[in-house]
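Here is the structure we will look at.
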Amino acid sequence: MKEQLFLIITFLVAAIKAVTVYDNTNFDNNLIPESIKECALYYSNNITNKYNKNADYYKIIPELLPGYESIQNDEIYIKPKDMYSGKISIDEEKQHSLFFWKFLQSERSEYSKISKKDSLILFINGGPGCSSMDGLLLENGPFRVNSNSKLIANNGSWHMHSDIVYLDQPLGTGFSTKLNSKETNLEFYDSDLDAETSSNLIKFLIEYYKVFPEDINKKLIIAGESYAGQYILHFTNNIWKFNNIVGKTVIKLDTVMMGNAWVDPIEQSSAYLPFFQEQGLFDSNNRLFKHLLNQQEECQKTINSIDINSMTSFDVGTCESIMYSFISSLFSSKDSKCLNVYDYRIEESAPSCGANWPHELPFVGSFFKHEGVEEALHIIDLDDDFDNNDKTISWNECSNKVYANLKNEISAVPAIRFLPQLLEQGLNLYLFNGDKDIICNRLGVENYVKKLSWNGEQFSKNAKWHSWIHENTQVGQFLKDRNVTLINIFNGSHMVPYDKPMETRALFHIIDLMESNKNIKQEFLADADYEIKTFNGNLKRESIVFYDSDGNETEVFREIESQSSDDNKKGEDSDENQSSDREKKVNKQDHSLIPNWILIIVFFVLAVYLIKYILDTLFSNKSALMDSSMTRLNGNDIRKDERLDEDLEACLGTTEFDIELEDSNVDVNNKSHVHIDLNND
Ligand SMILES: *[C@@H]1O[C@H](CO)[C@@H](O)[C@H](O)[C@H]1NC(C)=O
Ligand SMILES: *[C@@H]1O[C@H](CO)[C@@H](O)[C@H](O)[C@H]1NC(C)=O
Ligand SMILES: *[C@@H]1O[C@H](CO)[C@@H](O)[C@H](O)[C@H]1NC(C)=O
Ligand SMILES: *[C@@H]1O[C@H](CO)[C@@H](O)[C@H](O)[C@H]1NC(C)=O
Ligand SMILES: *[C@@H]1O[C@H](CO)[C@@H](O)[C@H](O)[C@H]1NC(C)=O
Ligand SMILES: *[C@@H]1O[C@H](CO)[C@@H](O)[C@H](O)[C@H]1NC(C)=O
């Protein structure tokens with residue numbers, strides 16, 4: 001207990017020195033990349049790309065996909081009928097193209113009965129360089145792949161909510177391959193998120209809308225995970241610049257959803273050790289206890305010396321190395337074991353530490369190798385429109401070349417720097433986090449969100465956590481201030497839709513309940529007291545429950561927009577008579593979780609320890625933390641930095657980790673020495 005409090009205090013002290021608030025004042029976002037201006041010209045001149053076909057060409061015959069025919073519909077899942085896939089040319093001259101796979105919203109979904117078909121989701125995985133076939137076949141797509149590499153149903157599919165497109169980008173990712181070209185790698189691969197990756201995405205959308213003109217007026221939602229946090233915010237920034245130059249809202253984007261996303265290198269990489277400690281994974285019995293504390297101190301020093309306003313790199317190496325030291329520190333150095341960086345409940349054998357997770361990953365590769373699948377999905381370029389070599393096509397989850405070219409110091413500023421400006425321009429930001437992820441853990445996300453300031457106000461310090469109850473069980477909780485909503489999903493990994501498919505599908509129910517429920521007269525003030533209830537099916541039961549200061553509750557049910565003719569379902573539907581605007585009053589009920597007196601005691605104890613710590617630091621010539629053996633560490637850090645350059649990165653989809661067990665750095669005596677210092681109090 002003592003040790004824990006001591007640690008909490010050191011982190012508090014350290015945190016004070018880091019960034020205090022992110023606002024819109026210190027980033028000049030006026031620059032418009034030339035390539036974005038070119039996109040505007042390209043659009044305005046209505047230039048035709050001779051390689052792009054009409055929608056019929058891209059239509060998939062579902063029966064050609066192994067497993068499809070055996071998939072059964074049930075109450076909550078209807079298998080997709082209308083699918084399109086193939087390559088859309090983004091550069092006629094260079095024959096560059098991006099691969100997509102699109103699903104239409106299920107006509108018969110519960111959802112289509114209550115909401116208009118008016119949105120289109122664009123889903124992208126991270127990396128940089130990881131294929132969005134990950135998202136499609138391992139996370140929130142209509143299908144998963146079984147061990148016979150055949151398609152099976154995914155109940156959590158987002159096509160039950162709206163049309164969805166999975167896109168392999170940037171160039172060189174997944175099936176957006178470069179195989180035959182005379183271009184050098186430097187010419188082909190993107191090295192700048194704004195100038196190249198964003199303009200390629202915009203060109204894709206311009207061409208996509210020509211193929212699917214019915215989507216032009218749909219609201220576009222860009223969703224993704226991990227490094228896609230960087231992608232998505234840069235795309236939003238550039239899409240809005242593009243719309244501005246063209247003079248109309250060509251791309252109707254105002255909502256983004258980002259899962260365990262990398263946005264703020266400073267807050268996110270300094271959150272590793274505090275996160276481990278908070279989750280009960282790190283204490284003074286840790287084999288590398290003192291070493292890790294020293295690393296945290298180094299990390300803080302580095303961060304304190306960084307000027308966020310001139311920061312361009314998207315990671316803080318000294319801080320990230322803590323994560324890599326930590327994941328092996330819980331095991332004996334002989335065992336060569338580590339925690340999975342994407343889900344700390346899973347033990348792995350080093351050096352993969354998550355690189356081969358999830359275990360279905362190889363099935364996805366084999367699915368694409370089935371005879372006929374590449375033809376069915378129009379991956380093979382029968383017309384020779386693109387600069388590909390069909391003979392050598394094979395699916396790789398992540399491309400090292402894409403990664404290596406995009407991960408450079410000048411590629412792009414961290415998205416946190418202009419996020420406040422996007423919020424001021426009307427961005428609706430939904431962040432969802434699996435709470436068992438390490439690499440982009442929820443604590444780091446919470447930390448940067450709480451420091452966001454836009455329209456003159458910081459994210460409310462009084463914002464309350466709201467319960468999210470799905471199918472009568474609390475599955476998560478969320479914070480919301482104005483148009484920023486942060487949702488933590490309990491027991492979810494880095495790839496939350498993989499573990500928690502039904503919950504991530506229900507994220508859309510939350511969004512709809514809050515954004516478009518005309519029954520709700522209350523404002524969603526940050527410090528208001530309310531919780532949300534969602535269900536897999538029978539959406540009429542979904543509601544928001546508000547609590548007033550007396551503890552009285554008011555339950556407001558979902559508004560049903562259109563009653564379809566086949567609404568005479570049997571079962572639960574009929575025995576509940578809920579006109580949509582019914583309000584239910586319930587008696588006073590105490591729902592506060594922690595009594596105030598406990599908070600007061602905790603605060604008091606913390607204050608005493610804080611004062612003691614400061615005094616100790618000032619007057620003791622041998623404080624436990626300050627006496628870190630810097631010389632030994634420094635010698636090691638040089639090697640580490642080299643390794644970081646090669647292997648480590650924030651939130652990468654998949655990589656092989658080079659774990660060092662660090663035993664040479666920590667001697668057992670030092671560890672017990674720390675014990676003595678702490679217990680001397
Ligand atoms: C763009 O060109 C296509 C065919 O070349 C034409 O059908 C379409 O109407 C044009 N669009 C605009 C906005 O001019
Ligand atoms: C999908 O949901 C149905 C109905 O609730 C259930 O029978 C089935 O087992 C679920 N499938 C999976 C893969 O979870
Ligand atoms: C928040 O989002 C709503 C819905 O898109 C929008 O109407 C509103 O203007 C946004 N608010 C702010 C402060 O941007
Ligand atoms: C999370 O996992 C724990 C441990 O397995 C379990 O007790 C708990 O019910 C789970 N909670 C949710 C919401 O899944
Ligand atoms: C159900 O609701 C309707 C309209 O709100 C009302 O007229 C009817 O009496 C209700 N039926 C029952 C059984 O409560
Ligand atoms: C709250 O509930 C109590 C007990 O039912 C009732 O006396 C009181 O008027 C209610 N307050 C409000 C604001 O509805």
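Starting from 1, each residue takes its place in the sequence as its number.
- Between Tyr342 and Trp357, the distance separating the two ring centers is shorter than 6.0 angstrom.
- By the 4.0 Å N-to-carboxylate-O rule, Lys450 lies too far from Asp481 to be salt-bridged with it.
- Within the 4.5 Å cutoff, the side chain of Val256 has no heavy atoms near those of the Tyr430 side chain.
- A donor and an acceptor atom, one from each side chain of Thr504 and Asn140, are nowhere located under 3.5 Å apart.
- A donor-acceptor distance shorter than 3.5 angstrom exists from the side chain of Asn73 to the backbone of Lys79, with no hydrogens or angles considered.
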Evaluate the ring-ring contact (aromatic ring centres under 6.0 Å, His included) criterion for residues Phe478 and Trp465: first the C-alpha distance (whole Å), next the side-chain angles of each, then the deciding distance (0.1 Å), finally the verdict.
CA-CA 5 Å; Phe478 62 101; Trp465 284 105; 8.5 Å; no
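- Side-chain atoms of Gln105 and Asp163 form no donor-acceptor pair, as typed in the model, at a separation below 3.5 Å.
- Using a 30° and 60° split on the angle between ring planes, Phe363 and His359 fall in the perpendicular class, above 60°.
- Taking the six-membered ring where the residue is Trp, Phe235 and Tyr231 present parallel rings, their angle staying beneath 30° rather than reaching 60°.
- Panel note: side chain Lys464, backbone Asp527; a donor-acceptor pair is recorded below 3.5 Å.
- If you run side chain to side chain contact (heavy atoms under 4.5 Å, CB included) between Gln279 and each of Phe275, Phe276, Phe282, only Phe275 comes through.
- Side-chain contact between Thr534 and Leu513 is present, with heavy atoms from C-beta onward closer than 4.5 Å.
- Under a 4.0 Å N-O distance rule, the pair Glu555/Lys533 qualifies as a salt bridge.
- Note on Glu267 versus Lys451: salt bridge recorded, some NZ/NE/NH1/NH2 to OD/OE distance being below 4.0 Å.
- Ring geometry for Phe103 against Tyr166 counts as perpendicular: the plane angle is over 60°, on a 0 to 90° scale with 30° as the lower cut.
- A donor-acceptor contact under 3.5 angstrom links the side chains of Glu542 and His509, judged on distance only.
- Side-chain contact, Tyr344 with Asn441: no donor N or O sits under 3.5 Å from an acceptor N or O.
- The aromatic ring centres of Phe524 and Tyr530 sit less than 6.0 Å apart.
- With Asp550 contributing its side chain and Asn552 its backbone, the two residues share no donor-acceptor pair below 3.5 Å.
- When atom types are taken as modelled, the side chain of Glu515 and the backbone of Ile511 share no donor-acceptor pair closer than 3.5 angstrom.
- Side-chain atoms of Gln458 and Tyr22 form no donor-acceptor pair, as typed in the model, at a separation below 3.5 Å.
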